[in-house]
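What follows is a single structure, written as structure tokens, with notes after it.
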Amino acid sequence: MLIALDMDGTLLNEEGKISPENREAIVHAQSLGHIVIIATGRSYMDAERQLRLVDLECPVVSLNGAVVTLPDRTLAASKPLNKEDIIPALRWMSGIPELYYEVYTEDNVYVELDKRVRLEKLSELNDEAVPGELRWLLKAMIAKQFQQASVTYVESMEEIWSKDEYVIFKTLAFSLNRELLKEASTRFAAIPGLIITASHVNNIEINHKDANKGSGVGMLAAHYGIPAEQVAVMGDSYNDLPMFEMAGYRIAMENAAPILKETADFVTGNHAENGVAEGLRHLLEKRKGQ
């Protein structure tokens, strides 16, 4: 069996770490001969760092499926964006103060410094300006940046898109103004060859049309000779839907978006309470009974 685990909101707890309980459950599944993989929106470097901290080795589907890497660090597949196509939309976002965005290369995340400063200021506003739930989300985004090993702040994103050596695999946009976010989505949707997903109602993620968690997980399943019906997936966000659609068994976190819970075969515990360990125990017990 191949078991794919999302990271943020799934495998990682509120401190952004893999708990001892979750690690033990993964090692146990691996000891039984199952292939456990990571499927994340994070860069490979950040995902691999999290695994290395707890002495785990797993294949990694990173950047929402844009990069697929084997445990020995062999690059198995990659689907970069065409920079020339997306530069006009990126330039437009740079000129909109209310639109925060990040650009992902294979090993780094780039953020314009003034947008980072604005994000911090928004997270400090009161409930009248920014409702508590959204302020919590802003703080979570900032905390996630500190947890990542590879975030670089630049004065202008033109430093990245204008140089040939930088290959862009993903961009993420966030705004409290959903109309602006809708406009950003419309601009990217007009560019051929892209896919637009979301991990929250206040963000969008842009990848190559062939890059999603479902295609990445499917590629690894084929690599290991595992049929789709023997693929199990676990996640919490909208960008996990493509792998939910291709898998034989779907596990949603207790903290998952409603649509994932509705389509799941099983709902496990919260990511803050070792929900992955609970989900893996359920999965292995179910398999034992078959």
Side-chain angles (χ1 to χ4, degrees), residues 1-12 16 18 22-23 25-26 29-30 34-52 54 56-71 73-79 104 106 109 144 148 169-170 172 195 197-200 205-224 226-228 230-253 255-257 259-260 263-266 268 271 275-277 279-280 283:
M1 182 166 53
L2 184 141
I3 305 167
L5 306 175
D6 169 52
M7 274 197 147
D8 291 281
T10 301
L11 178 58
L12 303 183
I18 300 173
N22 283 346
R23 179 195 181 276
I26 290 171
Q30 290 174 327
H34 303 299
I35 306 294
V36 180
I37 74 172
I38 301 301
T40 180
R42 291 189 178 217
S43 69
Y44 170 73
M45 180 179 288
D46 278 314
E48 198 270 339
R49 171 176 168 267
Q50 292 287 348
L51 296 172
R52 193 170 62 247
V54 294
L56 283 173
E57 285 191 357
C58 300
V60 176
V61 174
S62 56
L63 300 176
N64 283 341
V67 178
V68 179
T69 311
L70 300 179
R73 299 193 176 188
T74 298
L75 181 65
S78 68
K79 296 289 183 181
Y104 292 67
E106 183 177 356
V109 182
K144 179 180 173 183
Q148 291 177 327
F169 287 90
K170 169 187 163 183
L172 176 148
I195 184 172
T197 57
S199 55
H200 189 274
E205 299 182 20
I206 296 93
N207 283 96
H208 187 284
K209 67 178 179 62
D210 295 328
N212 61 71
K213 291 188 180 184
S215 63
V217 172
M219 195 280 265
L220 281 174
H223 173 80
Y224 289 107
I226 298 173
Q230 292 298 316
V231 173
V233 299
M234 202 178 309
D236 74 302
S237 293
Y238 300 104
N239 60 351
D240 294 316
L241 281 171
M243 68 178 185
F244 266 52
E245 291 168 358
M246 60 76 59
Y249 199 78
R250 299 155 292 275
I251 298 177
M253 307 302 292
N255 51 283
I259 190 170
L260 270 79
T263 57
D265 299 294
F266 178 74
T268 188
H271 75 110
V276 162
L280 288 175
L283 193 59

Less than 4.5 Å apart, side chain to side chain, heavy atoms only: is that true for [X] and [Y]?
X      : Y      : answer
Met243 : Asp240 : yes
Asp6   : Lys213 : yes
Glu205 : Tyr238 : no
Leu12  : Arg42  : yes
Met1   : Leu283 : yes
Leu75  : Val67  : yes
Met246 : Val217 : yes
Ile35  : Leu220 : no

Spacing of [atom1] belonging to [X] relative to [atom2] belonging to [Y], to within rounding of 0.5 Å:
X      : Y      : atom1 : atom2 : result
Leu11  : Met253 : CG    : CE    : 8.5 Å
Lys170 : Thr197 : NZ    : OG1   : 7.5 Å
Ser43  : Phe169 : OG    : CZ    : 11.0 Å
Glu48  : Glu57  : CD    : CD    : 8.5 Å
Leu5   : Ile26  : CG    : CD1   : 5.5 Å
Ser237 : Met7   : OG    : CE    : 14.0 Å

Would you say the side-chain atoms of [X] pair up with the backbone N or O of [Y], donor to acceptor, closer than 3.5 Å?
X      : Y      : answer
Arg23  : Ile18  : no
Lys79  : Gly65  : no
Asn22  : Ala277 : yes
Asn255 : Gly9   : yes
Thr268 : Gly275 : yes
Thr263 : Leu260 : yes
Asn207 : Leu63  : yes

(request) Go through Ile38 and Cys58 one step at a time and tell me if the side chain to side chain contact (heavy atoms under 4.5 Å, CB included) criterion holds. (result) CA-CA 7 Å; Ile38 301 301; Cys58 300; 4.3 Å; yes
(request) Determine, step by step, whether Leu280 and Met234 satisfy the side chain to side chain contact (heavy atoms under 4.5 Å, CB included) criterion, reporting the C-alpha distance in whole Å, the side-chain angles of both residues, the deciding distance to 0.1 Å, and the verdict. (result) CA-CA 9 Å; Leu280 288 175; Met234 202 178 309; 4.2 Å; yes
Shortest non-hydrogen contact from [X] to [Y]?
X      : Y      : value
Ala29  : Val36  : CB-CG2, 4.1 Å
Gly216 : Val68  : CA-CG2, 4.1 Å
Phe266 : Gly279 : CE2-CA, 4.4 Å
Asn212 : Pro242 : OD1-CB, 3.4 Å
Pro71  : Tyr224 : CD-OH, 3.8 Å
Gly41  : Asn64  : CA-OD1, 3.3 Å

(message) More than 12 heavy atoms of other residues, nucleotides or ligands under 6.0 Å from CD1 of Ile259: yes or no?
(response)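 Atom CD1 in Ile259 is not packed in, count stays at 12 or less.
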